[in-house]
Amino acid sequence: GVYKFNIHKFSFSTGLRYEYFDRDVIYNISQNSNIKQGNLFPSAYIGYKSEDKKNTLSLSYSNKIQRPNFNDITPFEYNTNYNTIFRGNPNLKNEFIHSIQLQYVYKSKLFFTPYFNYYKNYIEQVTTFEDNNLVWFPTNYKVNNIGSSIMYNFSALNKKLTLYNKLTIDYNENIGNINDVSLNTSLWQWNLYLAQVYNINKKTGITLITNYYSPQLSDFYEIKEGLRTDIKFSTKLFKDKVEASVRINDLFNTYFNELTGNYNGYESYRYSDFSTRSVVFSLRYNFQSGKKVKSKPVDIDNSEEENRITK
């Protein structure tokens with residue numbers, strides 16, 4: 001349930017949810033893995049808005065759960081190539097995330113957001129070594145994440161050009177024990193996201209998206225810094241009923257994954273070329289009728305880069 005109320009310029013919200021979880025994995029006649037647990041998930045929010053509505057300040061807390069997917073808990077292993085094995089983990093635990101966030105917003109243009117996240121039983125697929133083979137399997141460990149992001153959006157050239165800028169700086173700490181090997185790694189990391197949207201006219205626009213990430217932490221390993229740039233051209237046709245677009249992903253062919261690390265005395269190096277450089281053409285028809293909805297001719301999506309960095 002959720003309860004909300006306001007007092008003068010302050011708004012309050014509090015919630016509580018209960019979930020019961022039962023998972024039974026049977027992987028031979030004599031062995032199985034069973035998890036039964038009930039959990040409460042509280043949330044709280046307090047917000048303040050100034051009288052001129054130019055300034056808002058909020059503080060929030062939430063407790064969430066992330067469950068393993070089916071492939072992660074299957075009690076089997078298979079070779080992905082001649083010396084790499086993927087092994088499921090039927091004893092994988094549910095992940096719990098405690099989040100605290102403070103946010104200041106000025107005129108809906110400037111966003112400053114300090115935050116702290118504590119991950120209990122963080123789910124991650126790690127790489128270890130057994131008998132000259134790489135063994136890749138999901139496991140749990142603890143993660144502390146503290147940082148801040150600042151985002152500023154503004155327009156120029158008579159509002160034909162809109163700039164979206166976001167800088168995130170945080171500190172990651174991984175703590176755990178994996179196959180009797182101690183995990184204790186930490187790193188300061190940052191990410192810069194820049195998007196420029198130029199509206200040639202009311203129906204046609206060009207979007208340029210650039211995402212830079214500093215070295216990032218992933219269990220025992222460090223991911224090398226990287227850069228990716230996408231560009232998109234879009235226009236509306238036939239009385240705005242059809243939107244046509246062409247998008248070039250990874251314009252300069254710089255998106256890759258290069259990891260270095262040390263596991264139990266083994267120095268490791270891995271390079272993965274995601275081969276994401278592509279040209280995508282799309283047509284979208286709008287069947288909507290009735291009241292006209294105001295929309296922009298371009299969209300911005302950097303979820304792929306964010307997923308790459310955080311997982």
Side-chain angles (χ1 to χ4, degrees), residues 15-43 61-81 84-100 115-130 133-145 170 172-187 189 216-223 257 259 261 263-264 268 270 272 274 303-311:
L16 186 65
R17 186 180 82 254
Y18 176 80
E19 289 188 10
Y20 179 77
F21 177 79
D22 186 353
R23 186 183 76 207
D24 195 9
V25 181
I26 301 174
Y27 45 102
N28 60 41
I29 296 175
S30 60
Q31 290 181 297
N32 71 327
S33 174
N34 181 259
I35 297 178
K36 294 181 179 180
Q37 58 183 203
N39 300 101
L40 290 171
F41 297 94
S43 62
Y61 164 79
S62 66
N63 183 9
K64 301 177 182 178
I65 186 172
Q66 178 70 39
R67 298 182 178 87
N69 62 45
F70 179 77
N71 289 333
D72 285 342
I73 62 173
T74 51
F76 309 110
E77 64 178 48
Y78 57 87
N79 282 77
T80 58
N81 57 46
T84 303
I85 299 171
F86 176 81
R87 179 182 297 159
N89 182 0
N91 297 310
L92 202 60
K93 299 176 182 178
N94 294 328
E95 174 184 315
F96 296 92
I97 309 106
H98 297 268
S99 300
I100 300 175
Y115 56 84
F116 172 75
N117 300 308
Y118 167 66
Y119 298 81
K120 180 182 178 182
N121 301 327
Y122 181 70
I123 299 173
E124 178 69 294
Q125 293 180 341
V126 302
T127 303
T128 60
F129 298 90
E130 293 181 14
N133 289 314
L134 295 174
V135 180
W136 184 38
F137 67 96
T139 189
N140 299 108
Y141 55 85
K142 182 176 74 173
V143 173
N144 294 313
N145 171 246
D170 60 13
N172 249 33
E173 182 182 41
N174 299 335
I175 302 172
N177 188 287
I178 300 174
N179 288 355
D180 296 324
V181 177
S182 177
L183 170 65
N184 192 344
T185 56
S186 60
L187 184 69
Q189 53 197 34
Q216 308 288 316
L217 194 62
S218 177
D219 54 83
F220 293 99
Y221 305 93
E222 183 177 303
I223 305 174
N257 191 311
L259 288 87
Y263 172 77
N264 200 23
S268 178
R270 187 178 75 194
S272 301
F274 292 110
S303 58
E304 184 177 1
E305 288 81 2
E306 291 178 349
N307 288 336
R308 178 196 181 282
I309 294 168
T310 57
K311 291 294 282 184

Side chain proximity check, T84 to L134, heavy atoms < 4.5 angstrom: yes
For I175 and Y141, work out which heavy atoms get closest and say how close. O-CB, 3.4 Å
Straight-line distance of N39 CG to Y20 OH, nearest 0.5 Å: 10.5 Å
Taking every non-hydrogen atom, the tightest pair across I35 and K93: CD1-CA, 4.4 Å
Working for side chain to side chain contact (heavy atoms under 4.5 Å, CB included), residues N121 and N94: CA-CA 7 Å; N121 301 327; N94 294 328; over 6 Å; no
CD (Q37) and CZ (F96) are apart, to the nearest 0.5 Å, by 4.5 Å
Taking the side chain as every heavy atom from C-beta outward, state whether D170 and Q189 have any pair of such atoms under 4.5 Å apart. yes
Are side-chain heavy atoms of S99 and Y119 found at a separation under 4.5 Å? no
Does N179 use its side chain to pair, donor to acceptor, with the backbone of V181 at less than 3.5 Å? no
Interatomic distance, E95 atom CD to K120 atom NZ [nearest 0.5 angstrom]: 12.0 Å
Nearest 0.5 Å, please: how far is CG in N140 from CG in N177? 12.5 Å
Taking all non-hydrogen atoms of both residues into account, name the closest pair between L40 and L16 and its distance. CB-CD1, 4.2 Å
Validation row: N174, E124 side chains within 4.5 angstrom (heavy atoms): no
Evaluation steps, side chain to side chain contact (heavy atoms under 4.5 Å, CB included), between T128 and V135: CA-CA 5 Å; T128 60; V135 180; 3.7 Å; yes
Within this structure, what is the CG-OH distance for the pair N63 and Y118, rounded to the nearest 0.5 Å? 11.0 Å
Between L183 and T185, which heavy-atom pair has the shortest distance, and what is it? CD1-OG1, 3.8 Å
Are Y263 and D219 packed together at the side-chain level, in the sense that at least one heavy-atom pair is separated by less than 4.5 angstrom? no
Heavy-atom side-chain proximity of D72 to Q125 below 4.5 angstrom: yes
Y221 side chain to T127 main-chain N or O, any donor-acceptor pair under 3.5 Å? yes
Are N144 and F116 packed together at the side-chain level, in the sense that at least one heavy-atom pair is separated by less than 4.5 angstrom? yes
Would you find a donor on one side and an acceptor on the other, under 3.5 Å apart, between the side chain of N89 and the backbone of P138? yes
Please check: side-chain N/O of Q216 versus main-chain N/O of I223, any donor-acceptor pairing under 3.5 Å? no
What is the distance from atom CG of L92 to atom CZ of R67, rounded to the nearest 0.5 Å? 13.0 Å
Could you work out, with side-chain contact (heavy atoms from CB on, under 4.5 Å) as the rule, every residue matching I85, not counting sequence neighbours? E77, N79, N133
With a 6.0 Å cut-off (strictly less than), is the heavy-atom count around CZ of F70, excluding the residue itself, greater than 12? no
By side-chain hydrogen bond (donor to acceptor under 3.5 Å, both in side chains) - contacts of Y61 (at least two apart): H98
